[in-house]
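A short write-up of the structure that comes next.
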Amino acid sequence: MAHTNNTDLELFARCASGFEQTLATELKQLHARRVRPLRGGVAFFGSLAHAYSACLWCRVATRIQLVLARVPASNAQALYDGVASVCWEDHIGRGATIFVDAHGQNDQLRNTKFTALKVKDALCDRLRDKRGSRPDVDTVQPDVSINVALHQQKATLYLNLSGPSLHRRGYRQDGVSTEAPLKETLAAGLLLAAGWPEVAREGGVLVDPMCGSGTLAIEAALMLQNRAPGLLRTHWGFQGWRQHDEKLWHTIVEQARSTQHETDTAPRILAGDINPQALAIARDNAERAQVLPAIRFYKGDVARLGRYLKRLHGYQDSGGLLVANPPYGQRLLSGQELPSVYEALSTGIQAIPAGWDVALITPDAGVDSSLGRTPHATIACHNGPINTWIRLYHTDEPRLEQHVTSLAGLNCHVPIAEPNSAQFASRLRKVARERSKWARREQVDCYRVYDADLPEFAFSVDLFVSPKGEGSKRYVRLAEHRRPKSVDPQRAARRLADAASIACATLDVPRTHVCAVGWDEEPEPFPIVVAEGPYSFAIDLTRPDARLALSQRRMRDLAATLARDKRVACLFATGTSALVHAAEGARDTLLVDASRAQLDAAQATMRDNGFGGRRHRTVCQDVRTWLEQETRARHTYDVVLCNAPSWLPAKDAGKRDWDLRDEHVGLLRSVADLLASGGTLLFSCPDANFQPDLSRIAAAGLNVEDASRRMVPHDFERTRVSPCCLLVHKDDPA
């Protein structure tokens, strides 16, 4: 059945966020009319031929949809009535199967599955009334697929013309792929953003030295040979549509085939990978895509790219583009392995001819620092569930480097991405020299080297040392402070990455021993064992304060002094490090915490340091409940260590969450009741932002001494907020 008015169809092309302008350009090149980029896609008008051409030719679109109607959707009944008024018999043939999906919600329609069900019922009821039968539902490969977009009080009904996502070009073999392959539409978006069609027209070449399954190289070859990306697809959403014009579609396909051309010279695309299995998959994909003659594959490390360019004639004699999808440290590698990957990539990029451009896709701005370059443009996008960026670089200018002299006197040049990182390098070395002398004099193993001394480099730098039995390895942690919204997150990430590289060189630490943490990141664990005096502690370098807060070093020394020949109780496992220091001279110790896992970890730490057996016990119980029971039993302790968390969730229904701001006065009073005559409570909090209410504490009649400032160690003297440290004394009647 021919479409009654196919000259002015309203259409919508969906795409991944970040590629709306690129898709709009593609549609304009197809002569679509009234092209308007929107969030997540592009609205346009055109004929049925324009719709078919968009399905066949759009390289970054994920779906092409025909707008069928806009109907009221203030509630379920209004939606049903509006959908039932649409002439579905004009779109769905007898015996055709359907599928309906929905997205969006409003106050009355909050469940997308219910919305889709309501639309399906209205559609089927209409066809039953018109024909006497309802269409069947097919969730796998329906003849007609309907999409419902709900916004406020309206619903837009779309017919999915393209069918399965357009990234499914047809050249991949089902079930055969490398890990975390790049989507074809994303690869095409990167190539278009990087200007590959222009480079190709000028006789340039493309190199992908980390090709994986070959997606970037294959998409580049499709563009080079002017092959429509949809020519290999065998199923389209419009094929089951009643108004599909098979003759028109055949004409458009034949026109597309007639415009493609084979490469009649040496391959202008070079694709390499260190993994032979990945290369085999890439070659097979390229053969199915019918572009294998356009690509030269090779097995090799990205760091040796210069060698392959020299060996393969012609790749250094013209302009070019290097593209890559390096590992992210989220699915293929651990974050600790990325520096070596980036170093190899940097070496490879230095080998390409001057004037080439570079395009990478990665969520990690640290790659900028490794390359010594700042991208001239970035495009935010998604690679599957991962928020990432396309990063575009010019290589006309030399890469940025910072000369660094380490504490050991070694000289090196460190690549950086931010020119003002030189200020940080100078400041870090100055402070590090002073801190290292102080640490040797005071016999301090782990300490803070730098703490936001420069406003633009607002993060801390901590140095940790493993026990001598571990080989005295050194580790560095960089932690970004909470940044204002006015600070560009990409620039902040580059500064942090620059600082990590500079800290490595200055402090004589391997890059794999550096943990850099952005304030809004959730990094993977970085477990290490560190030394503090004669003791060792297993910590996670992403959260060292949970086990060994450097700012509480003097408190741990004080705990050891107070505990000599005393009965010691430690409340909360967050105080385990202080308990270890106290256990050496204590008569006996007791640790109380509600978490079995935390207690087990604390016991392991105690045993690792030689403190086990009956003298060192644990109790798995809520601290408040334990305090009540101990008070009723009239048990007393000479010293109580309480490193209280600022917040804990309630485990039992009906109980409030633990909030130290509300609880600390009552907690101090309860613990003071457990103190023996002449006893002392050492109260602290690992959260540096917690500040006790001294007036309320004084009103409670407690003999309290605020030792917070006195407990600040030398390496934290510049810190704005002092960690809380209170001493509560119980006077001896004698």
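Shown here for L599 and V619, the closest heavy-atom pair between the two residues is CD1-O, 3.4 Å. The two residues L668 and L726 have their closest heavy-atom pair at CD1-CD1, 4.1 Å. The nearest pair of heavy atoms linking A303 to T347 is O-CG2, 3.4 Å. Across all their heavy atoms, N643 and C685 have their closest contact at OD1-N, 3.5 Å. What you find for S346 and S370 is that their closest heavy atoms are OG-O, 3.1 Å. Smallest separation of non-hydrogen atoms from H481 and A452: CE1-CB, 3.7 Å.
Rounding to the nearest 0.5 angstrom, the gap separating the CG atom in N609 from the OG atom in S536 is 4.5 Å. To the nearest 0.5 Å, atom CG of residue D673 and atom CG of residue L627 are 9.0 Å apart. Atom SG in C725 sits 10.0 Å away from atom CZ in F683 (nearest 0.5 Å). Distance check: D445 CG to L548 CG gives 10.0 Å after rounding to the nearest 0.5 Å. One distance of note links NZ of K730 with CG of L674; it measures 8.5 Å at 0.5 Å rounding. How far CD of Q552 is from CE of M711: 11.5 Å, rounded to the nearest 0.5 Å.
Using a 4.5 Å heavy-atom threshold, the side chains of H581 and D557 count as touching. Using a 4.5 Å heavy-atom threshold, the side chains of L667 and L660 count as touching. Using a 4.5 Å cut-off on side-chain heavy atoms (C-beta onward), L550 and P544 make no contact. Contact annotation: the side chain of V476 never approaches that of C515 to less than 4.5 Å [non-hydrogen atoms, C-beta and beyond]. Side-chain contact between L591 and C570 is present, with at least one heavy-atom pair separated by less than 4.5 Å. The shortest distance between side-chain heavy atoms of Y450 and S460 does not fall below 4.5 Å. C412 places a side-chain heavy atom less than 4.5 Å from the side chain of V414. The shortest side-chain heavy-atom distance between M210 and P327 falls under the 4.5 Å cut-off.
No side-chain donor from either of R511 and S340 sits under 3.5 Å from a side-chain acceptor of the other. Checked by atom type, the side-chain pair H382/N387 shows a donor-acceptor distance below 3.5 Å. Counting only N and O atoms by type, the side chains of N411 and T405 include a donor and acceptor under 3.5 Å apart. A donor and an acceptor atom, one from each side chain of Q621 and Q629, are located under 3.5 Å apart. A donor-acceptor pair shorter than 3.5 Å can be found between the side chains of T719 and D451. Side chains of E442 and H714: a donor-acceptor N/O pair is absent below 3.5 angstrom, by distance only. Side-chain contact check for S369 and D498: at least one donor-acceptor pair (N or O, by modelled atom type) lies under 3.5 Å.
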Please step through side-chain contact (heavy atoms from CB on, under 4.5 Å) for the pair V580 and M606, ending with a clear verdict. CA-CA 6 Å; V580 168; M606 292 284 284; 3.8 Å; yes

Q: Go through the steps for V568 and L641 under the test side-chain contact (heavy atoms from CB on, under 4.5 Å), then give the verdict.
A: CA-CA 7 Å; V568 178; L641 308 176; 4.1 Å; yes

> For V517 and L478, what are the C-alpha separation, side-chain angles and deciding distance, and is it a side-chain contact (heavy atoms from CB on, under 4.5 Å)?
Replying inline: CA-CA 6 Å; V517 183; L478 288 87; over 6 Å; no

**Asked** Stepwise, does the side-chain hydrogen bond (donor to acceptor under 3.5 Å, both in side chains) test hold for S595 with D593?
**Response** CA-CA 6 Å; S595 168; D593 196 282; 4.6 Å; no

What do the steps show when you test L345 against L360 for side-chain contact (heavy atoms from CB on, under 4.5 Å), and what is the final call? CA-CA 11 Å; L345 180 60; L360 307 178; 4.0 Å; yes

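For the pairing with R391, the side-chain hydrogen bond (donor to acceptor under 3.5 Å, both in side chains) check across D368, T378, T362 returns one residue only, D368. Of the candidates R495, R491, R494, R495 is the only one forming a salt bridge (charged side-chain N to carboxylate O under 4.0 Å, His left out) with E456.
Formation of a donor-acceptor pair under 3.5 Å by the D508 side chain with backbone atoms of C504 is not found in this model. Looking only at distances, no side-chain donor or acceptor of S708 sits under 3.5 Å from a matching main-chain atom of C724. Here the side chain of T374 pairs a donor or acceptor atom with the backbone of A417 at under 3.5 angstrom. Side chain of R554 to main chain of R710: a donor-acceptor pair is present (N/O by atom type, distance under 3.5 Å, no hydrogens or angles). Panel note: side chain R435, backbone R448; a donor-acceptor pair is recorded below 3.5 Å. At distances below 3.5 Å, not a single donor-acceptor pair connects side-chain atoms of T605 with backbone N or O atoms of F537. For the pair R477 (side chain) and L541 (backbone), a donor-acceptor distance under 3.5 Å is present. N703 places no side-chain N or O within donor-acceptor distance of the main-chain N or O of V728, the cut-off being under 3.5 Å. Panel note: side chain R547, backbone A538; a donor-acceptor pair is recorded below 3.5 Å. Side chain of D622 to main chain of T625: a donor-acceptor pair is present (N/O by atom type, distance under 3.5 Å, no hydrogens or angles).
Taking the six-membered ring for Trp and the full ring otherwise, Y447 and F716 have centroids separated by 6.0 Å or more. Between Y475 and H513, the ring centre distance stays below 6.0 Å. Proximity of the aromatic rings of F424 and F459 is defined here by a centroid distance below 6.0 angstrom, and this criterion is met. If you look at F690 and H664, their ring centroids are closer than 6.0 Å.
At a threshold of 4.0 Å, the pair R624-E663 counts as salt-bridged, since one of the basic side-chain nitrogens sits closer than that to a carboxylate oxygen. The pair R553-D715 meets the salt-bridge criterion, since a charged nitrogen lies less than 4.0 angstrom from a carboxylate oxygen. A salt bridge links R483 to D520: one of the charged nitrogens lies within less than 4.0 Å of a carboxylate oxygen. A salt bridge does not link R632 with E630: none of the charged nitrogens is closer than 4.0 Å to a carboxylate oxygen. The pair D565-R587 does not meet the salt-bridge criterion, since no charged nitrogen lies less than 4.0 angstrom from a carboxylate oxygen. Using a 4.0 Å cut-off between charged nitrogen and carboxylate oxygen, E532 and R556 count as a salt-bridge pair. Between R427 and D453 there is a salt bridge, since at least one side-chain N of the basic residue sits less than 4.0 Å from a carboxylate O of the acidic one.
Within 6.0 Å of the CZ atom in R433, the count of heavy atoms belonging to other residues, nucleotides or ligands does not exceed 12. More than 12 heavy atoms of other residues, nucleotides or ligands shown are found within 6.0 angstrom of CD on Q603. In the displayed structure, R634 atom CZ is contacted under 6.0 Å by at most 12 heavy atoms of other residues, nucleotides or ligands. No more than 12 heavy atoms of other residues, nucleotides or ligands sit less than 6.0 Å from atom CZ of R661.
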